[in-house]
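What you see is a predicted model; the values in this text were computed from it and never measured. Chain naming here is simple, since letters A, B, ... match the order of the sequence lines and numbering starts at 1 in each. Reckoned from all heavy atoms, side chains included, excluding hydrogens, waters and symmetry mates.
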Amino acid sequence: MDKYEKVFELAKRRGFLWNSFELYGGSRGFYDYGPLGSTLKRRIEQIWREFYVIQEGFMEIECPTIGIEEVFIASGHVGGFSDPLCECINCSEAFRADHLVENVMDAAGTLSADALTKVIRDYEIRCPECGGEFRDAYEFNLMFKTTIGPGTGRQGYLRPETAQGMFVDFQRLSRFYRDKLPFGAVQIGKSYRNEIAPRQGVIRLREFTQAECEIFVDPRHKKHPNFERFSDKELVLYSQEAQEKGESFRMTVREAVKAGVIAHEILGYNLALTNEFLTKIGINPARLRFRQHLKDEMAHYAIDCWDAEIETERFGWVEMVGIADRTDYDLKAHARVSKTELYVYVEYNEPRMVTRFAIKPNMGKLGPVFKGKAKNVADALKQLSEEELSKDEIKVTVDGEELTISPDMVSFAEETVKVSGENVIPHVIEPSYGIDRIFYGTMEHAYDEENVAQKAAESGLKGMEDADSESRAVEAEGESDAEAEEETRLVMHFSSAVAPVQVAVLPLLTRKELADPAKEIVAKLREKTLLVNYDDSGTIGRRYRRNDEIGTPYSITVDYDTLEDRTVTIRDRDSMRQVRAPIIGIENVLYELIYRDRSFESAGKPFNF
RNA sequence: GCGUUGAUGGUCUAGCGGCUAUGACUUGGGCCUUCCAAGCCCAAAACCCGGGUUCGAAUCCCGGUCGGCGCACCA
């Protein structure tokens, strides 16, 4: 069993992840989040909100998961989010049609499926596997199609990314932020891609959750006002150059921007922010790096793009977050298709006096002469130079017809006007998070198997060595060849910021006199909105193990001393140490342990070590 | 999508033509005055789906679904 299998086994068993539609045999590319999984995922998302919405101030919006066709025509997904495929008649192997004709054609990637079919026929291209002939090439679009409304309805698509919603709402957002750059918006939600072959569990799904942020910035000033916050932060960078050598390096954000490794401050700031986020939710910083997209891998419109990748045991380095400078590509595309200008008016610090050549066609005279064409004539006149306008007979060409205009029909002059600003199409900086992958990464990086005896010795726990040697003696008597099996415990080292259960409350024995105070404590903790698990089933050791497995950071145990002095023990998951603390105020102590980084030793008097 | 390989309680697994399908862990109820799996009593729980061969199929054959791996794909 490799780590992926172990993590999945635990995830399934403990209610983190289940295959969807299992009752009916399942369907690839879909997963259910179980009770603990949903909670863990929501807590990850909530921390994301704290970063982007609360700290950065990019408000959250929510758009439909179904989009109308125009949106994806503009975004390029209708035309470009597909690949031309071609299958062999003989062996049914599928190939990229454009790859097949690459050797005989230039720009094969731009050809339609029909054109590709023709090229394949003309050049008699055969299957590289078996030499068979090919069927016609066809486009396989990765978007789920649907119909809006009854009958033939209107063509709709399930969104393949949440980003388009922010672009489509650009004008409203700009207004909301009082037309002042920079501003941004985020969206957390489901997106859909009809993957040809989903694999690797939750790494590639057909329905998945994205957390995307679109930051609209002034293209001329890509400095970050708060750059100092992270400028001295060291990141592990795997730049284009570094990839050639195959070795990543550490560098501060400031240096990286200065050296041109990272394109600009805003991108650098956002890389550091992502680093902060991933580390906070429990990604191992030693297995986290930022990889720059290679030139041919980057979208043609992007200036620079970095993926936050984490190392997993089975899949190697996996992309978790993409952080790109998408320039003005998206806004321009939507402007073109919607025939609406999308820009922000940016005022100058000082109004500028601009001298320009102004042409004023005299519509009162042009109108009667040219009737319906007058407007076009006026437009044509505006294109002329001063020299051409100074002639006795001015000639313009309208709809292929050469017309002569007398000089009194148009006036022109140099004029000086005050210009106080200009229209700017913002550039978009986009951090885009794959929540499901991050969820898996959090699980894998939290997963650990520990030798209990060793752990107990490290933490200086009393009484456990005895128990251990006793059991060994029993085994040795029973079976001569039995190796003294070392006890291991499965433990999820979730950060208490994301742990789906924060405190377990355990009566030492299932007896009313212990259960009552335990339930009292549960109520107090819940009042502090802590996530509490009450568990009275099985021996105390078993319950500690159970909670280790789901990553509960703290366990409170009620024993018979509790009845004497109203104190309980608090156990720390990672060290397995315990302290004794009074029930009064226990909810505040736990709250501080979880949210205020209070040290465990300060929570009470040492117990059993 | 192609090839390959697998699918047995919640989990891992034995069985590979023949009565009520193996075992472990887990789980539920109870016992237990004391803190880190394997204490005691009791209980619950499985042959992926559909066809075929056969007197008889978890077991053999075919198809499907799902999982692993390889190829292809991954805006």
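A:Ile540 comes within 4.0 angstrom of the backbone, heavy atoms only, and of no base. At a threshold of 4.0 angstrom between heavy atoms, the contacts of A:Arg543 with the nucleic acid are absent. As judged by a 4.0 angstrom heavy-atom cut-off over every strand, A:Tyr4 is placed among residues touching the sugar-phosphate backbone only. Across all strands, A:Arg206 comes closer than 4.0 Å to no nucleic acid atom at all (heavy-atom distances). Within the nucleic acid shown, A:Asp548 has no heavy atom closer than 4.0 Å to any nucleic acid atom. If you check every strand for non-hydrogen atoms under 4.0 Å, A:Thr539 touches a base. Residue contacts for A:Thr569: at a heavy-atom cut-off of 4.0 Å it reaches a base atom on one of the strands shown.
In this structure, A:Glu444 does not pair ionically with A:Arg314, as no charged nitrogen and carboxylate oxygen lie closer than 4.0 Å. Note on A:Glu313 versus A:Arg287: no salt bridge recorded, every NZ/NE/NH1/NH2 to OD/OE distance being 4.0 Å or above. The pair A:Arg580-A:Asp559 counts as a salt bridge, with a side-chain nitrogen and a carboxylate oxygen less than 4.0 angstrom apart. Under the 4.0 Å criterion applied to side-chain N and carboxylate O atoms, A:Glu195 and A:Arg206 are not assigned as salt-bridge partners. Between A:Arg159 and A:Glu212, none of the side-chain N atoms (NZ, or NE/NH1/NH2) sits under 4.0 Å from a carboxylate O, so this pair counts as no salt bridge. With respect to the salt-bridge test (charged N to carboxylate O, under 4.0 angstrom), the residues A:Asp548 and A:Arg571 qualify.
For B:A46, there is no paired base (Watson-Crick or G-U wobble, both distances below 3.5 Å). Shown here, B:U59 forms no base pair; nothing in the strands shown gives a Watson-Crick or G-U wobble contact with both key distances under 3.5 Å. In this structure B:C74 sits in no base pair that meets the Watson-Crick or G-U test at under 3.5 Å. Across all strands shown, B:C32 forms no Watson-Crick or G-U wobble pair with both distances under 3.5 Å. Pair check for B:C19 finds none; no Watson-Crick or G-U wobble contact set falls under 3.5 Å. Across all strands shown, the partner of B:U4 is B:G68, judged by Watson-Crick or G-U wobble contacts whose two distances both fall under 3.5 Å. Across all strands shown, the partner of B:C25 is B:G10, judged by Watson-Crick or G-U wobble contacts whose two distances both fall under 3.5 Å.
Annotation: B:U54 and B:G17 have their C1' atoms spaced 9 Å apart (nearest Å). Straight-line distance between the P atoms of B:U59 and B:G29: roughly 37 Å, to the nearest whole Å. Rounded to whole Å, the C1' atom of B:C41 lies 36 Å from the corresponding atom of B:A7. Between B:U8 and B:A21, the distance separating the two C1' atoms is 9 Å to the nearest Å. Spacing of P atoms, B:G18 relative to B:C61, comes out at 15 Å, to the nearest Å. Distance noted for atom C1' between B:A58 and B:G15: 9 Å (whole Å). When the P atom is used for both B:A57 and B:G51, the distance is 13 Å, rounded to whole Å. Comparing B:A45 with B:G23, their P atoms sit 15 Å apart, to the nearest whole Å.
Residue whose closest nucleotide on RNA chain B sits further toward the 5' end, between A:Tyr544 and A:Ser27: A:Tyr544.
Contact annotation: A:Arg314 side-chain N/O to B:C69 OP1/OP2 distance is under 4.0 Å. For A:Arg28, a side-chain nitrogen or oxygen approaches OP1 or OP2 of B:G67 to under 4.0 Å.
Nearest to the side chain of A:Arg204, among B:G68, B:C74, B:C35, sits B:C74. If you check B:C66, B:C35, B:C36 against the side chain of A:Phe607, the one that comes closest is B:C35. Checking B:U26, B:C36, B:G67 against every side-chain atom of A:Met576, the shortest atom distance belongs to B:C36. Here B:C32 is the nucleotide among B:C32, B:A37, B:G67 with the atom lying nearest to any side-chain atom of A:Arg511.
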Using the 3.5 Å cut-off, write out each protein N or O paired with an N or O of nucleotides 8-14 of chain B and the distance between them.
from: B:U11; atom 1: O2'; to: A:Glu9; atom 2: OE2; distance (Å): 2.5

- Message: salt bridge (charged side-chain N to carboxylate O under 4.0 Å, His left out) for A:Asp572 and A:Arg577? Distances and angles first, verdict last.
- Response: CA-CA 6 Å; A:Asp572 172 57; A:Arg577 284 185 172 184; over 6 Å; no
- Show the numbers, then the answer: is there a side chain to side chain contact (heavy atoms under 4.5 Å, CB included) between A:Trp317 and A:Arg289? CA-CA 9 Å; A:Trp317 291 93; A:Arg289 73 179 183 194; 3.4 Å; yes
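Going from atom CD of A:Gln200 over to atom P of B:C71 covers 12 Å, rounded to whole Å. Summarising the geometry, the separation between CD1 on A:Ile550 and C1' on B:U26 is reported as 15 Å, rounded to the nearest angstrom. Following rounding to the nearest Å, A:Ile203 (CD1) and B:C74 (C1') show an atom-to-atom distance of 13 Å. Regarding A:Arg489, its CZ atom lies at a distance of 18 Å from the P atom of B:C35, rounded to whole Å. For A:Arg542 and B:G28, the CZ to P distance is 9 Å, given to the nearest whole Å. The separation between A:Phe8 atom CZ and B:G67 atom C1' is 11 Å, rounded to whole Å. The distance from atom CG of A:Asp535 to atom P of B:C36 is 16 Å, rounded to the nearest whole Å. Residue A:Leu23 contributes atom CG, which lies 15 Å from atom P of B:C66 at whole-angstrom precision.
Looking at A:Asp436 and A:Tyr33, their side chains do bring a donor and an acceptor atom within 3.5 Å of each other.
Between the side chain of A:Arg545 and the base of B:C36, a donor-acceptor pair under 3.5 Å is found. For A:Asn19 and B:C66, a side-chain-to-base donor-acceptor distance below 3.5 Å is absent, hydrogens and geometry of angles not being considered. A donor-acceptor contact under 3.5 Å is not formed by the side chain of A:Glu195 with the base of B:C74. A donor N or O paired with an acceptor N or O is found under 3.5 Å between the base of B:C36 and the side-chain atoms of A:Arg571. Looking at A:Tyr24, its side chain has no donor and acceptor atom pair within 3.5 Å of the base of B:C49.
Checked against the 6.0 Å centroid threshold, A:Phe208 and A:Phe439 do not count as a close aromatic pair.
Using cut-offs of 30° and 60° on the angle between ring planes, the pair A:Phe72 and A:His77 is perpendicular.
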